[in-house]
Every structure is written in structure tokens, then in C-alpha cells.
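A short write-up of the structure that comes next.
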Amino acid sequence: MIKVITYGTYDLLHYGHIRLLERAKALGDYLIVGVTSDDYDKTRGKINNQQSLMERIAAIKETGLADEIIVEEYEGQKIDDIRRYNVDIFAIGSDWEGKFDYLNEYCKVIYLPRTLGISSSDIRAKNRKLRIGTVGNGSVCNKFIRETQYVNGVEYVECDEIMENVDAVYIATHPDRHYEDVKRALEAGKHVICESPIAKTVSQFEELSGLAKKNGLILEDGIKTAYSTAYSRLLVVAKSGRIGDIVSVDTVCTSLVDGAGEEGADLSKKQNSICAWGPTAMLPVFQLLGSGYKSKTIVTKLINKDLNYDGFTKVDFLYDKAVASVKIAKVAKAEGELVITGTKGYIYVPAPWWKTDYFEVRFENPAENKRYFYQLDGEGIRYEIVAFAKAVESGKGNYYISTETSRAIVKVIEEHYHRNYLEIS
């Protein structure tokens, strides 16, 4: 029996895919089809799949062409699979001509002609064309604009004042302007990604959320960390019981890059610590422990009382069965770690944890420790754009950051602005 193996993403399975599978099937007696996982696709720069892994596997199964379907999850797996399944022929599309010649050492390599004029990328771009503009300026917007070029079906368009030429906007203005800018965009019928916090009071947040829902629009909280693969996976590991019951979440986010602590600095144009770092630092707390804390204590060091500009703030949360600590600063420096403490072990994410592509699960017995590595492109902004485009297309909203989590973040920030804190000099 001659065994043939081929691989692909097979997103939005089309006639070209099927013709390629038919040609591969005709080369032997038994066809193994490898479907690339979402995580492996990300390492290859393919972050805009419209269908999930299970949907893509189901589509291949429905063709009836595959005798066996496997999942491709890591670099070098093709060699392992060829050996494991005693494969005779490796078949792939001719657009990969020469790329897999090294596999001739293990089996015969055949490059099959592809069906011209048919492409999943083209289909995605056609079906999911989303014009996004930006409101704001500076390096944050520039990063966002750069990342849009990596996502099929999304196009950056310079946004005019009345936003007529765009479908959606990314807002990265000063937090004092977020409510006004988001409301203006939603009233203009535009979907919105807004750098967190979306608003500075709960009532403003509720108003904006209600307006988005009423107009059938997506309002996404722009905490880029939430969309990165490593962070998403550590949440799954933490919630799975692998480290036992979670008893503590401790986060640190600090920076000394905008000159806030320098004499004569114009702080009116700069974000204070609670707005700049608070949303990111509080994200894992609320996503792991929820927003139903029993009490909280805010301790802050102000460098401008009139502007309520905090150079350093620490927030401690008390839950029924856990505690959490958030430390944020613009004029102080500490190790930017995330530690999730459990009754069986703990998760450690090294600095800067908010840009992580790596974390460890550690136990009393070091032999049981495990390290997790995941690709991180564009600091998570690229994945944020993909999630936003999918939310717009489906109309189902954002499942990376819940409305409850966004509201909880805004609530803490509002209390800080109401000066419900202990002050240190």
C-alpha cells in the first residue's frame, strides 16, 4: 500500500483545495491530510484564519478524500509524521516548489500544480474587507497602523473628521477624551477599538456599551496583552486546576519612558499610572478571580495633586478565597512579573509579562515543572486586529475581554479619580 501525506491550513475550503487533495489521493492508496493548528499557523505569520481548527478538520472530513486526518502543531513535525506513518510520498502545492526538497531523504516529494485564480487569502479579503482609521497620534497609533498590513481583509484608511470613509476606528487619545471620542464614533455608526480604559466612570462606560449594542456595533477594549497566545494559554492553564485553587494573583507594570517624573514635565498631556498601566495590570486579576471582590485598598503617590497624576499606585483586592495585588508606576521601577499562586503550584511569567511569549508552571518538585512557548507578533496588536475583524464580521462581540472585566477596570479607575485612596508622600 502506497501512503501519501499532504498538509495545509484549508481555511474556507474551496475548489482549489479539493482539486489538490484529489491529485494527492490519486498518487497512492491511502491519503493522510495534516491540518495546521492555529498556534502553528501563527508562527508562520498566518494569523487571520476565518475558521477554527475543528471547523477546518470537519470540512476536510466532509470531502471524503482523506483516509486519515492529523493536526500539524510544530516545526519539524513533517519528518516525524513521515517516519511514524511510514509515508511513501509527500505531496504539496507547486507554490512551495523546492521548499520541501529536504524531505526527499525520507520519502518521495511531489509538487502538485495548484488551481489558478483561487486563494483563501483572496476569499478572506473579499469577504472581510474592513476599513479602519485611527483617532489620535504618536507611536501607539503608528504601531497599530503597521500591524494592519499583516491582516488580510483589513485596510488602514486615513480617517477624516466625520469618519465617512471608514467602517471602524482605533482610538488612542488621552484617556480624558476617550468617552467623547468613542461616543462620536459610535454615533457615526463606526465599530470601535479603544485603548483602555474606554471611559473614566462606570456611568460613561455603561452609556457607551449601551449605545454600541443599540446600533449593532462592536466596542472592543484595546488591551493588547489579552489577545496574545501565551497570555490566553496561561489563563486556560490557571483555570484548569493544574496549579490547584488560585489563592493569589500578583502583577507589576512600571515604566520610566515618558519623562513624567522630570521637573517641569507637562503632565496634562501624559497618562497617569492608573490609566497607563492600570488596565493591563488588573486584567489577569479580574479574568482569573472575577470582579466580585469583597474589598479593595488603593495606595497612591501623587506627583501632581491638581491633575490627580499618580506616579505610583498599589491596589490590593480581597476576595472570599483569594487575594490580588496590582503595582503600577510611571516614576518608579520594579520587576514587571506576573505570579499566579495556587495550592499545588504557581505560574510565573517573567518581565515584561504583558509582552510574554513564554511562561512557566512550577511545583514543589522541580522535575514536574513545565515551560510554555508561543509566538508573539506585533506585541499582540496584530491578534487584536484579527479578533476585532472577526467580531465585526460575526456581530457577536469580543470574547477575549468581557464587558464585566472592562467595567471592573473602569470602576477602579473611577474610584482613584474620586480620590478614594490612601496617599503616601
Side-chain angles (χ1 to χ4, degrees), residues 175 195-197 200 221 223-226 228 230-231 234-235 238 246-261 267 270-291 293-305 307-319 322-342 346-356 358-360 362 379-380 401 405-406 408-425:
E195 282 297 308
S196 202
K200 288 171 61 178
D221 203 334
I223 307 175
K224 58 181 180 292
T225 301
S228 69
Y231 178 77
L234 79 84
L235 291 182
I246 298 172
V247 296
S248 179
V249 178
D250 301 279
T251 70
V252 179
C253 295
T254 66
S255 60
L256 296 171
V257 295
D258 72 350
L267 299 181
K270 300 178 183 296
Q271 292 191 52
N272 57 6
S273 298
I274 194 68
C275 287
W277 282 121
T280 300
M282 289 186 279
L283 181 69
V285 173
F286 295 136
Q287 289 190 319
L288 289 170
L289 301 178
S291 59
Y293 49 85
K294 294 171 62 178
S295 65
K296 69 175 174 297
T297 302
I298 305 175
V299 179
T300 195
K301 177 181 176 65
L302 296 176
I303 59 176
N304 186 302
K305 291 189 177 183
L307 296 174
N308 200 45
Y309 196 107
D310 60 318
F312 170 88
T313 292
K314 188 172 187 289
V315 186
D316 293 308
F317 299 91
L318 175 64
Y319 290 80
V323 295
S325 173
V326 167
K327 188 187 295 182
I328 53 182
K330 297 289 287 292
V331 299
K333 196 64 184 171
E335 190 71 12
E337 301 172 327
L338 166 61
V339 180
I340 304 168
T341 305
Y346 68 98
I347 297 174
Y348 171 72
V349 191
W353 72 263
W354 54 92
K355 292 183 181 181
T356 190
Y358 157 79
F359 65 90
E360 294 184 25
R362 296 176 177 176
E379 301 180 15
I401 305 176
T405 295
S406 295
I409 289 170
V410 171
K411 182 179 179 181
V412 174
I413 291 173
E414 178 179 12
E415 292 198 19
H416 189 280
Y417 274 92
H418 285 170
R419 302 182 186 271
N420 294 331
Y421 49 63
L422 303 174
E423 187 179 346
I424 57 176
S425 57

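Note that these values count all heavy atoms, side chains included, but never hydrogens, waters or copies made by symmetry.
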Beyond-backbone contact of [X] with [Y], side-chain heavy atoms, under 4.5 angstrom:
X	Y	result
S406	S196	no
Y231	P284	yes
L338	V249	yes
T297	L422	yes
K296	V412	yes
K411	F286	no
F312	I303	no
F317	L289	no

Taking atom [atom1] of [X] and atom [atom2] of [Y], what is their separation to the nearest 0.5 Å?
X	Y	atom1	atom2	answer
T356	Y348	OG1	OH	10.0 Å
D221	I223	CG	CD1	4.5 Å
I401	Q287	CD1	CD	6.5 Å
L307	L267	CG	CG	6.0 Å
H416	T300	NE2	OG1	3.5 Å
L288	S248	CG	OG	11.0 Å

Polar side chain donor-acceptor pair, T251 to W353, under 3.5 angstrom | no
Side chains of K327 and T254: is there a donor and an acceptor less than 3.5 Å apart?
-> no
Would a distance-only check, ignoring hydrogens and angles, find a side-chain to backbone donor-acceptor pair under 3.5 Å from [X] to [Y]?
X	Y	answer
T313	I328	no
Y319	A324	no
K200	Y417	no
S228	T225	yes
K301	S425	yes
D310	S273	yes
Y309	Q271	yes

Begin with the C-alpha distance, continue with both residues' side-chain angles, and end with the deciding distance and a verdict on side chain to side chain contact (heavy atoms under 4.5 Å, CB included) for L283 and T405.
-> CA-CA 7 Å; L283 181 69; T405 295; 4.1 Å; yes
Give the minimum heavy-atom separation between [X] and [Y], together with the two atoms involved.
X	Y	value
A260	K270	CA-CD, 4.2 Å
V299	I424	CG1-CG2, 3.8 Å
W354	C253	CE3-SG, 3.6 Å

Y421 meets the side-chain hydrogen bond (donor to acceptor under 3.5 Å, both in side chains) criterion, sequence neighbours left out, with N308, R419
Take L234 and I340, measure what side chain to side chain contact (heavy atoms under 4.5 Å, CB included) needs, and give me the verdict at the end.
-> CA-CA 10 Å; L234 79 84; I340 304 168; 3.6 Å; yes
